[in-house]
Structure formats: structure tokens, C-alpha cells
Amino acid sequence: MSVQITEDYSHKDVETAAQQYWREHNSFRVSADPSRPKFYCLSMFPYPSGRLHMGHVRNYTIGDVISRFQRMRGKNVLQPMGFDAFGLPAENAAIKNNVPPAKWTYENIDYMRGQLQQLGYAYDWERELATCHPDYYRWEQWFFTRLFEKGLVYKKEAEVNWDPVDQTVLANEQVVDGKGWRSGAVVERRKIPQWFLKITAYAQELLDDLDKLDGWPERVRVMQQNWIGRSEGLEFQFDVAGRDDKLTVYTTRPDTIMGVTYCAIAAQHPLALDAAKNNAGLAAFIKKQENIKLAEADMATLEKEGMDSGLRAVHPLTGEEVPIWIANFVLMSYGSGAVMSVPGHDERDHEFARKYGLPIKQVIKPADGSDVDIQKAAYTEHGILVNSREFDGLNFEQAFAKLVAHFESKGTGRKTVNFRLRDWGVSRQRYWGAPIPIINCAACGAVPVPEKDLPVLLPVDVEFDKSGGSPIKKMREFIDCSCPKCGGKAERETDTFDTFMESSWYYARFACARYEGGMLNKSDVDYWLDVDQYIGGIEHAILHLLYSRFFHKLMRDEGLVSTDEPFKRLLTQGMVLKDGAKMSKSLGNTVDPEAMIEKYGADTARLYMMFTSPPDQSLEWSDAGVDGSYRFLKRLWKLIGGFKAGSVKVDAPALNDAQKDVRFKTHATIKKVTTDYDQRQVFNTAIAAVMELYNEVTKFAGGNDIQDGAQNQAVVQEALEAMVLLLAPIVPHACHVLWNHLGKQGAIIDAKWPAFDESALVQSKVNIAAQVNGKLRAVLELPADVTKEQVEQAAFADETVKKFMAGMSVKKVIVVPGKLINIVAG
RNA sequence: GCCGGAGUGGUGAAAUGGUAGACACGACGGACUCAAAAUCCGUUGCCCUUAAAAGCGUGUCGGUUCAAGUCCGACCUCCGGUACCA
């Protein structure tokens, strides 16, 4: 099928023709070819929620633009696509519509695949994968059993949100204002045994390797660094008066230890529970803490509340007794669940002390000798120790070292490195996920499922009830099994994996998506990995990207991959917002791109998404503006369609001034657009630059007969070719057709990216801004090779400049060559 | 609360410390048309003005600099994340 260019722009005909060509030629199918440089471009795969939303269109257009650009630069480009198919929304849909999650998910995948194909993305569809497919999750199960053997997973009790009415575990998202979203019951916390991956064993490496990621945005690296949160401090113990217990605490400020006026412990701390045994008030206070949602944001914004436990800690240096308070801001899951409190030099401790009338003691003063009133506000800077006996006069570093030495010599404390990062809890009490491949045997304990019995298949023929509980938890035929070790009766684990598990290694599986001999095929992986360019939403800056980095290191240590980091370069696209909030299924404010594609076509949709804001900024959706992108495509179509391709080459020395100007603009545009695609990764300015070139060409064509004068035609042909090549990654369908209309053989996807001609960029004149006291007063047109003295001469001769300097004497003159002169006068 | 980011015309935005508002959208005026749509041409930061010229102007306040949207300090508002949404 071919498209007649003489007709008006019909996006349907154009897009059908281009997509048919790509399909018939298998244009985007790739394989490892060590003789060619590769480029692996990956966009974060979607959750199959039903339909694509604008965030997807934006994300995948960015990836496709980069992929097509790299292909034109001569790379063997891998761009795959798949579906992050396990997750909570499928279960919600199951309850709501009475349809099994698997059916719902696979139908959504089929629909969304069609939408992606409509948008003309250059994917190698042979590699498509869905994480809910046993061929995928079987390897994840296998890998988990390997980690089990290596001691990198363990089981421990951890808290969950519990809905006492529906008798089910709730995700944080399902707890609204402290109540279960379906039942409305006040949530409780409940402790259940869960599996953890030892990400903390890799904390130091995850931190150190951030330095290698120079292709990542600084903000993401900083966020990860803060999330890992390495600190050095002192761990030591308080004796508890009248008891054998010790109270272990960690502090990054041992220099403030003489300022301790109380200790604070978590409500779940063993000492707290013990103290509550014969104190009804305490028991009630502890009980109240169980009705708080398990989210850091909720806990950290709570009004700080506490209660004296009645127990007293013995200060290890002074022997003084200080009260032990139970406080709602101390979390059992962090460190030891207990802290020393120094209200004079810690804001949170200060607030708490003021509220409950606890003493505030100054032990640090500013190094510059100035006074601070610590009764009014905590002084949290490093300074000089006071009221600290033999430590008086020391600075932070000296005090730190001396106190560590003191405790270490007595054997009651030690210097430790602490991480904020906690081990990764991967157990979910949900149905729609990969079954955790563990069998619980009364005699042998937790036993991993042997490799020959993998995968543990998730039953897909299930029914949900309104409570939202996982159906496999009641399914005896799933649960009952025999122990692989002793052969006795045993029960299968019914928890499933956190869905972050699947998304932590899919990038590697794409290199060998159909490989059946193992989790990964080394030769494919070694050719394609690392991912050269990864693109996804900024909301994944921490969790997904940190878990993937961790998994990559786990796979490296298993010998599956050869590198240290999965993603060389990262582009974090901003949110697509609607009415000021993130467009998301859960908020119900999504805009379906389908209507836009139907009315305007994929090229317009792509152009609009790329033109309307730079990729890393959030984009406020509006329907207005799409029309403008469509009109530009129509104008481009008309301009090129009305042009008769010729074969006359540009004869640079023979050009007149107007022709030279067109040629200058063409090559300046190639230069700018190439930088925008390659280094800056901003596409809105690249498009604007091509629009400027369009405007220049139409202006030129309006005043010159481009079909008659041979060089007129030659410079216009050169400009039009550049425009089509430069826009090809963004609007590939239209450019596919226009390319051949310009007399070019072959498909534009196989054309070479244009190079600019430095000699075309040489200009004879420059505009120099003339300022007086920093304010623009004139623009001087001067020869390009003008000297500093000549610039000054011209500026001082200018009438407007003279006027603004009347009666003043020159104090200083600054000349920025080729740009600007600033005369400082007064 | 904590960590990270953003704030520029009516709107989306542009600007290696060096001419603020490129490129678009919208609006207004005009051409074409019986008329409308489409298309084409022009104007368009604010203020004063017939016009020219001047003045003001990048969330707020202060600072550094010959020069600040850009750098520094304090603050305000909004957005993302906050470990079971993905």
C-alpha cells in the first residue's frame, strides 16, 4: 500500500501504510550481534489496568524517540515491551465484577497491546512477557530458593494492617483515615511471620555504587542515598534500675550523652509490655498505638504522645537515674526500639520534653562562643561540650572518639555503622501474585520447593468473596502436600511475593525472553546488558529502582549477569497531572488517549506529548494544544507534498545571501536538535527548532521561486530532508511517507542521522547587546571578527547609549566577546 | 514530620550567570467565503500613551555580582516518595 502525497494529510492512511511496512519487514526484531554496537532502550513496563493512560503514552513515546534516534545513529537497538501483571487492582476487579484476576489481566493485556501497536512503537514483540505467566515467575521462584540456600532470606514476625471485620490484611492504600476501605472498621496491627530479603547486607554497596551512576539524575541519587541513610554512631546500654534488663540504644550524637534527661521506648518494646502488665493506664496507651496505620507518613505526623513507664534507666557515665517513657514516635522496627533523649540538642526530644515537663539540659555550646537559650529551642549544631565533666571543651569529633573509646574499653558499647534501610519484606497475604515456593513441615520447618517441582503454579480458577481475602488460603488442594525432605504431611506457603520482585529483574529477562534453559541466558545477557537507557516515572525513584539494583547484584553474585548495575542512564519522566493531581486509576481522573489517537492519529499524539513540556517535568493535561500539533503536521505535509524533489546539489560558494541564510538555519537546526536528543534529552526544544526551520523555509519560498532557480531548490531540498530526518523519531509514520516523496530510496528508519556542516554555520555579522549599568539600551550589528576595542567604540558612539550616560563618568567596561558590552557609569 | 522536585505572559513553555518570554496554544484584527469551517496574513507580558520613548516584570523577603529566572540564605504554596498502589 502506498500513500499519494498529493492528497491532504490523512493520518489513518499514513499510519496504516507505515505500520504495515514495519510489520512486513519485521523492522524491529533484533538479535544479539557482537559485530555491531548495541543500544538497549527500556521503558518501565505497564501494569495492565485496562487501558493505556496519558502517562504511558508519554513514557513510551520518550523511549521510542530515543530508540529510533539511536537506530539512525547506527546502533543495534533492542526495545522490548511487557506487562507487570500481578497486583492488587486485579483482585479488586475480581471482587467488583466477579471475574477471575487471570482472565481480567490477560484481556487487559490484549487490549493494551493493541493500543501500543496503534501508537507505532518500535518494539520487538517477539520478546513480550507478562509476569503472571508461569514461564516468567518460575525463575523468580527458583532464584528465591537459591537465595534461601545462601542464607539471604529469612523469616520473622512483622506487623501488618489488619481489618478485624473482613478478617484480612490491608495494604496501606486500603486504609483510609485509619479505617478499612470496605468494612469501615478501625484497623489493628497484627504480627505475622513473613519472609525477608537481606537487602541490608548490600546497603554499603548500594550506597557506594551510586557514584558510578553518572547517567542518573542527581535528584534520584540523592534520594536513594538518603533512603539508605548510612550513619556512624555509638551503640551502648543503660542499666534498668532494679532489674536485670539492659536498654540498648544507638546515637549519632554521643557528644550529647551528658544531656540525656530521659529515655524513650516503643510501645511494642519488651520493657513497655512488661511495665504494662500491672498498669492499666499503660496498657491502654499501648493498645491505642495498635490502631495506627502502618505508614511512616502517618506515624511521623502524629501528635507526639507518651507515658512514663515507671521504669528508670541508669546513666552509664553519671549513675544518675532518668525516667523511661513510652513514646509513639519511637518505632520498634527501627534499630533497637529505644532511644536516649537529649531535649537540649534534638528538636523532637525538645518538643516532647516541653510537653511533659521533662528537664532540658545544655551540654553543647556554639563554637563561636555565642549564647543560645536551649529552654526555648534545641541547639542541634555541632559545637563545644560543656557541663560534661572530663569531656568539657572537646569538639564533636574529639568527643565522639573519646566516648567511643570509653565505652569500648568498658565493654558496654561500640562504634557502629547504622543504616536507615530495612530488609525487604516480600510476603504478601494476597492471591494475585507468584506463590512463595516454600513448604512448611512440622518436623523440618520451612523447606524450599525443589527445582524439579517448580514452578509452584498459582491456581487461576478461583472465586472471590466480598472480604477480599485470598482464595488460595482456604484451598486444601493447593495447601496440602508432602515435605520434600522427610516425605511427611506438610502445608504449602499461601503467601505470594511482593510484585516488586517481578519488576526487579524483567529488564534482564528481556535479553532472552523465550529461554527455557534457565533464568537467564548468559551470552544474550552479556551482549544486551546493561540497559543503556531506562525511562520511567519519578515516582519509582526509590523503591523500584533500589530493588532492581539490589536484584542485579544478587544475580551477579549468582553468576547470572556480569555487571554491577542494571541501568546506565536514567530518564525520570514527570507525572501527567490532571486538575493538579497525578493521573491514576485509583483517583479516577485518567484521560483515555484513545479518542485523541482516533481523531488525530498516533503521530499527533506523539508530537503533542513531546512538544508540550520537557520529559522530566510534570505535565498538566489539557485538551487544548493537541490541535496545534495536528496543524503543524498538516502544514509540513502540505509544504513537502507541494515540493518537487530534485537532484541538484548545494553549491555552497555560489549561494546568495538569502540562500546562505536558509542553509545556515538548516545546519544550525541539525546541530541543536542532535544535542537536544542526545545530551540534553529535551524534545520540546528540538521540535521548536524544526518549527523555526519550517518558518524560515516558508518565508524563503514565499519570496523566491524554489522550483525554478536550481540553487533555490537545492537549499530547500536540503532543509526539507533535514526536517524529515530530525522529526522521524517523533512522528515516524508521516516521515516514513515524506522521505520517499523527497526522492529518497529505502525506509527512513534505515536512513542515517544527518550531520551538520560547520562551514555553513560561519556568519559574517553578529548582534551585540549594549548595556548601561546592566540595562539593555541598544543592539549593535557588527562584523563577526570585531575586536574588543571596536565594540567599545561602537557602543560609545551609539546615540541611545550616549543619552543614558549623559553627565556620568565611565567606571568600568565589561565586554563579552560576540555577545555583550556593559558600561558601568555613575 | 522527613527526603526530593517545581513555581516565568491568558495557557503549555524557552533562556552554558550575559538582550526574559524562543516555539506553540488561545485571544483579537484582517484576507478568502453568500455564510461558516478550514487555510493564509498581522497584533498580542504589564502599565502609561494617539504614537514614540520611558517605567515595571520570572512565588515572597534579603544577599552576592558590572550583570541573577539562573548562585547563596530565610520563607510561602504546590507536586512526588515515605518501605503492602504500581
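When reading the values below, keep in mind they use all heavy atoms of this one structure, side chains included, and skip hydrogens, waters and symmetry mates. Throughout, protein chains are lettered first and strands after them, A, B, ... in sequence-line order, and every chain is numbered starting at 1. Everything numeric here is computed off the predicted structure, so don't read it as measured data.
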### Query
Below 4.0 angstrom, N of the basic side chain to O of the carboxylate: do A/Arg189 and A/Glu159 qualify?
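Salt bridge between A/Arg189 and A/Glu159, a charged N being under 4.0 Å from a carboxylate O: yes.
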
### Query
For the side chain of A/Asn226 and the base of B/rC3, is some donor closer than 3.5 Å to an acceptor across the two?
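No.
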
#### Entry: base_contact_polar (B/rG5 base, A/Gln617 side chain, donor-acceptor, <3.5 Å)
no

Nearest to the side chain of [X], heavy atoms from C-beta on, is which of [options]?
X: A/Arg635; options: B/rA20, B/rG81, B/rC40; result: B/rC40
X: A/Lys803; options: B/rA53, B/rA86, B/rA15; result: B/rA53
X: A/Ala171; options: B/rA86, B/rC85, B/rC56; result: B/rC85
X: A/His540; options: B/rA86, B/rA22, B/rA54; result: B/rA86
X: A/Lys634; options: B/rU39, B/rA83, B/rG18; result: B/rU39

Separation of atom [atom1] in [X] from atom [atom2] in [N], rounded to whole Å:
X: A/Asp616; N: B/rG4; atom1: CG; atom2: C1'; value: 13 Å
X: A/Tyr547; N: B/rC85; atom1: OH; atom2: P; value: 11 Å
X: A/Leu546; N: B/rA83; atom1: CG; atom2: P; value: 14 Å
X: A/Asn172; N: B/rG81; atom1: CG; atom2: P; value: 13 Å
X: A/His350; N: B/rG1; atom1: NE2; atom2: C1'; value: 18 Å
X: A/Leu636; N: B/rC23; atom1: CG; atom2: C1'; value: 15 Å
X: A/Phe632; N: B/rA22; atom1: CZ; atom2: P; value: 17 Å

### Query
Quantified in whole Å, what is the P atom distance between nucleotide B/rC71 and nucleotide B/rA14?
15 Å

### Query
When the P atoms of B/rA68 and B/rC56 are considered, how many whole Å apart are they?
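Looking at atom P only, B/rA68 and B/rC56 are 13 Å apart.
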
## Note on the structure
B/rC40 -> Watson-Crick or G-U wobble partner, both distances under 3.5 Å, gives B/rG30

### Task
Report the C-alpha separation of A/Val690 and A/Leu636 in whole Å, then their side-chain angles, then the decisive distance to 0.1 Å, and conclude whether the side-chain contact (heavy atoms from CB on, under 4.5 Å) test is met.
CA-CA 10 Å; A/Val690 176; A/Leu636 185 74; 5.8 Å; no

### Query
Judged by modelled atom types alone, do A/Tyr547 and A/Asp498 share a side-chain donor-acceptor pair under 3.5 Å?
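There is no such pair (donor and acceptor under 3.5 Å, judged by atom type) between the side chains of A/Tyr547 and A/Asp498.
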
### Summary
Comparing A/Phe500 with A/Ala295, nearest RNA chain B nucleotide closer to 5' gives the residue A/Ala295

### Query
For B/rG10, does the O4'-C1'-N9-C4 (purine) or O4'-C1'-N1-C2 (pyrimidine) torsion place it in syn, i.e. within 90° of 0, or in anti?
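In terms of base orientation relative to the sugar, B/rG10 is anti.
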
